[in-house]
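One-based numbering along the sequence shown. Because only heavy atoms are used, hydrogens play no part in the values below, and waters and symmetry mates are left out as well, while side chains stay in. Only a predicted model underlies this, so the values are computations on that prediction, with no experimental measurement involved.
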Amino acid sequence: MNLTFVVTTASGTTFLPQKLSKVTPFSSNKMPEILNQFAISPNSEEAEIINEIIIDCEEPAIENEEKYCATSLESMVEYVTSKFGKNVNVLTTEISSDKAQRTGSKKQQYVVSSGVRKIVSDNLVACHSLPYPYAVFFCHATSAHTTQAYVVPLVGADGTKIKATTVCHKETSKWDPDHVAFQVLKVKPGTIVPICHFLGEDNIVWAGKNEEN
């Protein structure tokens, strides 16, 4: 497969301490205050991205999912432990090569090597980084009958080795019919074809531990 593994968050972007994140506005009716706080022009592309992120965080979750936007590391951990307790596995995509020596965002061919591992868990929480002025993660909780996670070993044409955290969505009937995944795979919502994707380094999958995992 021709793939590229990119980091969504800007270099140096970090979480705010929870005490600070709780008093930092994060809602669509506080947009002028948010833009002023980070010295962002209201007519800029960055302002539009921030507005879209906040609106996405405020919209209701689709059926069979829960969603939560974590604006601090503590709030992410609290959300996950509310689902699983403290007995959890934390999965991220691991790239073996040094960041400074990588091809960057250039696409290259990867092949799947032996050792694909299925993550056995009744529930998953996937947290995706968002391009915000500070670290914000969009988390969504799903059950085993709708999603399945794997760790997939990949080897790139330049020798880069990756342990790619992978999520397959088995229930897509409530997805937007115009979702890019349907266009790429040429399938329709709600079919038996799962929608699978690799996660970048700055994304996290939390899975409840059990005897098989």
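You'll find the side chain of Pro189 stays beyond 4.5 Å of the side chain of Lys174, heavy atoms only. With contacts defined as side-chain heavy-atom distances shorter than 4.5 Å, the pair Val187/Ile195 qualifies. With a 4.5 Å cut-off on side-chain heavy atoms, Lys83 and Trp206 do not count as touching. Side-chain contact between Thr147 and Cys168 is absent, with no heavy-atom pair separated by less than 4.5 Å. For the pair Thr93/Lys163, no side-chain contact is recorded, criterion being any heavy-atom separation below 4.5 Å from C-beta on. Here the side chains of Thr160 and Gln108 are in contact, with some heavy-atom distance below 4.5 Å. A 4.5 Å side-chain heavy-atom check between Val125 and Phe84 finds at least one atom pair inside the cut-off. Using a 4.5 Å heavy-atom threshold, the side chains of Leu124 and His140 count as separate.
Nearest approach of Phe198 to Ala164, heavy atoms of both residues: CD2-CB, 3.6 Å. Across all their heavy atoms, Thr13 and Ala135 have their closest contact at CG2-N, 3.4 Å. Looking at every heavy atom in both residues, Met31 comes nearest to Ile54 through SD-CD1, 3.9 Å. Taking both residues in full, the closest heavy atoms of Tyr150 and Lys118 are given as CD2-CA, 3.7 Å, listed atom of the first, atom of the second, then distance. Contact record, Ile119 with Ala207: CG2-CB, 3.8 Å, taken as the closest heavy-atom pair. Nearest heavy-atom pair, Leu154 versus Tyr110, reported as atom, atom and distance to 0.1 Å: CB-CD2, 4.0 Å.
Clustering ILVMFWY residues whenever any of their side-chain heavy atoms sit less than 4.5 angstrom apart, transitively, puts Val112 in the very cluster that holds Ile95. Residues Leu130 and Ile49 are members of one and the same hydrophobic cluster, defined by side-chain heavy-atom contacts under 4.5 angstrom among Ile, Leu, Val, Met, Phe, Trp and Tyr. The cluster map of Ile, Leu, Val, Met, Phe, Trp and Tyr, joined by side-chain heavy atoms under 4.5 Å apart, puts Leu185 and Ile192 in different clusters. Put simply, Phe15 and Val90 are part of the same group of oily side chains (I, L, V, M, F, W, Y) that touch within less than 4.5 Å, one to the next.
A donor-acceptor pair is defined here as one N or O able to donate and one able to accept, closer than 3.5 Å; no such pair exists between the side chain of Gln18 and the backbone of Leu73. At least one donor-acceptor pair closer than 3.5 Å links the side chain of Ser72 to the backbone N or O of Ser75. Side chain of Thr81 to main chain of Lys86: no donor-acceptor pair is present (N/O by atom type, distance under 3.5 Å, no hydrogens or angles).
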| task | Check the pair Thr165, Asn203 against side chain to side chain contact (heavy atoms under 4.5 Å, CB included), reporting the backbone distance first and the verdict last. | result | CA-CA 9 Å; Thr165 297; Asn203 292 264; over 6 Å; no
| request: Verify side chain to side chain contact (heavy atoms under 4.5 Å, CB included) between His197 and Val167, making sure each step is shown before the conclusion. | output: CA-CA 6 Å; His197 60 95; Val167 174; 4.1 Å; yes
| Candidate pair Thr24 and Ser21, rule side-chain hydrogen bond (donor to acceptor under 3.5 Å, both in side chains), full reasoning | CA-CA 5 Å; Thr24 300; Ser21 74; over 6 Å; no
| task | Before giving the answer on side-chain hydrogen bond (donor to acceptor under 3.5 Å, both in side chains), spell out for Ser28 and Glu58 the whole-Å C-alpha distance, their side-chain angles and the decisive distance to 0.1 Å. | result | CA-CA 8 Å; Ser28 54; Glu58 292 177 340; 2.7 Å; yes
| request: Go through Asn123 and Thr142 one step at a time and tell me if the side chain to side chain contact (heavy atoms under 4.5 Å, CB included) criterion holds. | output: CA-CA 6 Å; Asn123 298 281; Thr142 58; over 6 Å; no
| request: Start with the C-alpha distance between Ile34 and Ile50, add both sets of side-chain angles, then the distance that settles side chain to side chain contact (heavy atoms under 4.5 Å, CB included), and finish with yes or no. | output: CA-CA 9 Å; Ile34 294 169; Ile50 288 173; 4.3 Å; yes
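The aromatic rings of Trp175 and His169 stand perpendicular to each other, their planes meeting at an angle above 60°, with 30° marking the opposite boundary. Ring planes of His179 and Phe182: perpendicular class, angle over 60° (limits at 30 and 60°). Taking the six-membered ring for Trp and thresholds of 30 and 60 degrees, Tyr79 and Tyr68 have nearly parallel ring planes, at less than 30 degrees apart.
Of the options Pro42, Ser44, Ser41, a side chain to side chain contact (heavy atoms under 4.5 Å, CB included) to Leu35 is made by Pro42 and by none of the others. Screening Phe38, Tyr134, Tyr132 against Phe26 for a ring pair (Phe, Tyr, Trp, His ring centres under 6.0 Å) leaves a single residue, Tyr132.
For Lys22, the salt bridge (Lys or Arg N to Asp or Glu O under 4.0 Å) test picks out no residue, with sequence neighbours left out. Here Thr92 pairs with Glu94, Ile204 under the side chain to side chain contact (heavy atoms under 4.5 Å, CB included) rule; sequence neighbours left out.
Under the 2.5 Å cut-off for SG-SG separation, Cys57 and Cys69 qualify: their sulfur atoms lie closer than that.
Atom CD of Glu45 has 12 or fewer heavy atoms from other residues, nucleotides or ligands within 6.0 Å. Around NZ of Lys67, the count of heavy atoms belonging to other residues, nucleotides or ligands within 6.0 Å exceeds 12.
Side-chain contacts under 4.5 Å among hydrophobic residues (ILVMFWY), followed directly or transitively, place Val111 together with Val155.
Distance check, rounded to the nearest 0.5 Å: NE2 of His145 to CD of Glu171 gives 6.5 Å. Here Cys139 contributes atom SG and Glu65 contributes atom CD; the two are 12.0 Å apart, rounded to the nearest 0.5 Å. To the nearest 0.5 Å, atom CG of residue Leu20 and atom OG1 of residue Thr71 are 9.5 Å apart.
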